[in-house]
There are 2 protein chains.
Amino acid sequence: MAKPNKYDSEVETSAQFPVEQAPIRVTVDIVVFTVHDQALRVLLVERGIEPFLGLFALPGGFVLAGETLEQAAFRELREETGTAEVYLEQLYTFGDPGRDPRGRVVTVAYYALVPSGRSPLLAGTDAASAAWFTVAELPKLAFDHAGILDYAVNRLRGKLEYSNVGYELLPEKFTLTALQVLHEAILGRKLDKRNFRRKVLGMGLLKPLKEKLATGRKPAELYSFRDQR
Amino acid sequence: MAKPNKYDSEVETSAQFPVEQAPIRVTVDIVVFTVHDQALRVLLVERGIEPFLGLFALPGGFVLAGETLEQAAFRELREETGTAEVYLEQLYTFGDPGRDPRGRVVTVAYYALVPSGRSPLLAGTDAASAAWFTVAELPKLAFDHAGILDYAVNRLRGKLEYSNVGYELLPEKFTLTALQVLHEAILGRKLDKRNFRRKVLGMGLLKPLKEKLATGRKPAELYSFRDQR
DNA sequence: GAAATAGTGTCTGTTAGACACTATCAG
DNA sequence: CTGATAGTGTCTAACAGACACTATTTC
């Protein structure tokens with residue numbers, strides 16, 4: 001547990017803020033999920049600078065003046081992955097003193113879901129390299145990012161149990177088997193095919209298309225989602 | 001929608017932080033719930049200073065150097081209510097630019113549950129006065145606090161549906177009727193007595209005491225919770 | 001014995017999990 | 001016709017909601 005730098009508790013005094021406060025920096029960090037090869041994966045970037053040089057970290061960065069937290073998250077996402085057309089939701093805010101050895105940093109964590117099939121990779125300016133890792137085989141992570149990632153995985157699993165989320169991870173057209181594989185990858189366990197199909201079809205959110213996917217064996221019916229929610 | 005102050009985007013350059021960032025202040029705001037007179041109530045403080053002088057606001061304040069976000073929330077809670085032995089959980093972080101006309105302020109919102117019966121009131125140093133309001137009859141609130149409060153009420157209702165939460169709001173010994181009244185106050189609707197009792201007793205979290213509460217009519221059995229979770 | 005609150009059981013519809021075989025296509 | 005994946009139905013247990021009367025106490 002590294003102690004944070006000692007700040008002078010007197011900040012440049014804004015005429016309008018009577019209260020003194022040590023400077024705190026605010027960042028966003030994003031747990032970017034995708035599903036590929038039947039596994040739930042997260043995007044990590046290798047740190048090119050100290051501290052934690054060489055370790056992997058969640059993509060993220062400072063919140064800039066004038067942008068909302070969500071805009072900051074989308075911006076970082078775009079810088080890191082090249083796309084921002086993804087589902088994004090705020091997770092939790094981590095702000096223990098000492099979580100960054102350079103000083104006090106409060107980070108607002110988000111998670112994002114990028115559809116399988118388009119999982120682009122662009123090394124950001126401050127990242128030596130970026131790569132997808134399965135949540136089962138994670139490298140050593142910088143800062144408190146392992147805890148953030150754990151939190152995100154649990155949230156994602158929770159949402160799946162009682163809601164229609166996770167649909168943001170599939171391409172526009174998909175088979176029921178693909179949807180089931182997705183759920184199994186997120187939950188980390190096998191599901192019964194008949195029960196699964198009964199449940200998702202019963203929700204009424206799927207629209208059967210007139211198309212079949214020629215998969216090499218018996219062609220599978222393709223589906224899409226009815227509306228964007 | 002007040003525009004935030006224009007900040008110079010160049011901050012005093014920390015030797016260790018290569019990244020420039022406009023100064024952002026970090027606060028915690030707390031939605032303090034209690035139940036009294038069969039109604040769900042929140043603690044609000046009347047603002048004694050500009051901006052929003054005279055309006056009511058959630059108790060809260062700046063995060064100080066060296067303390068965790070949760071510690072900051074507990075500290076504010078203690079300053080405002082005199083006690084910090086309450087359930088506290090992080091809600092969501094609000095950081096839109098312009099939410100505070102004095103400058104950029106990101107607030108980490110928490111909610112707290114204080115047991116009915118001990119709902120103390122201490123006017124804090126920066127609050128002209130504090131008072132409990134039912135969530136059905138709220139005054140005009142400062143900043144974006146109305147939205148934060150809404151969010152908290154929904155979260156509390158959600159937790160009640162599928163978990164044992166809300167139990168933090170009762171005194172140590174209580175009757176099943178009191179527990180039902182509590183649930184009804186939070187949910188804002190009536191519940192069936194028999195179904196309610198079946199459900200809560202079926203959870204196995206309640207311990208029937210050997211005592212009865214002399215209520216004037218037929219005495220009611222007293223219960224307590226089995227363990228602290 | 002009247003007024004007030006405590007306490008109790010059944011029926012019904014929905015949901016979730018366990019479980020195994022048939023259908024269709026490529027080669 | 002073999003191999004592989006798609007697709008389909010029943011039974012059962014648990015849970016949730018609707019619904020009305022009896023029990024105990026004070027005054």
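These values consider heavy atoms only, across backbone and side chains, with no hydrogens, waters or symmetry-generated copies.
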Open item on the list: Between B:Ser129 and B:Glu46, does the side chain to side chain donor-acceptor pair (under 3.5 Å) criterion hold? Intermediate values first, please.
Closed with: CA-CA 5 Å; B:Ser129 68; B:Glu46 191 177 351; 3.2 Å; yes
TODO: Please work out if A:Thr177 contacts a base, only the sugar-phosphate, or nothing of the nucleic acid, heavy-atom cut-off 4.0 Å.
DONE: sugar-phosphate
Task: Note: A:Arg189-A:Glu184 ion pair, threshold 4.0 Å (strictly below) - done: no
Open item on the list: Looking at A:Lys173 and A:Glu211, is there a salt bridge between them, counting it only when a charged N and a carboxylate O are closer than 4.0 Å?
Closed with: yes
- [ ] Tell me which of B:Tyr223 and A:Asp192 sits closer to the 5' end of DNA chain C, going by the nucleotide each one is nearest to.
- [x] B:Tyr223
- [ ] Assign each of B:Leu176 and A:Arg194 to its nearest nucleotide of DNA chain C by heavy atoms, then name whichever residue's nucleotide is nearer the 5' end.
- [x] B:Leu176
- [ ] For DNA chain D, find the residues of residues 196-204 of chain B with a heavy-atom distance under 4.0 Å and give them by number; none if there aren't any.
- [x] B:Arg198
In whole Å, I'd like the distance from the [atom1] atom of [X] to the [atom2] atom of [N].
X: B:Asn195; N: D:dA18; atom1: CG; atom2: C1'; answer: 7 Å
X: B:Lys212; N: D:dT26; atom1: NZ; atom2: P; answer: 13 Å
X: A:Gln180; N: D:dT5; atom1: CD; atom2: P; answer: 13 Å

TODO: Kindly say whether A:Ala73 contributes a backbone atom to a donor-acceptor pair with the side chain of A:Glu76 at under 3.5 angstrom?
DONE: no
Open item on the list: Whether the side chain of B:Arg41 engages the backbone of B:Val32 through a donor-acceptor N/O pair (distance < 3.5 Å, no angle test) should be reported.
Closed with: no
- [ ] Check every nucleotide of DNA chain C for an atom under 4.0 Å from a heavy-atom of chain B, then give the first and the last such nucleotide from 5' to 3'.
- [x] C:dA4 to C:dT10
Task: A:Phe143-A:Phe52 aromatic ring centre distance below 6.0 Å - done: yes
- [ ] Using the ring-ring contact (aromatic ring centres under 6.0 Å, His included) rule, take A:Tyr92 and B:Tyr92 through it: C-alpha gap first, then chi angles, then the decisive distance, then the call.
- [x] CA-CA 7 Å; A:Tyr92 197 82; B:Tyr92 197 82; over 10 Å; no
- [ ] Run the numbers on A:Tyr110 and A:Phe74 for ring-ring contact (aromatic ring centres under 6.0 Å, His included), then give the verdict.
- [x] CA-CA 10 Å; A:Tyr110 282 79; A:Phe74 272 123; 8.3 Å; no
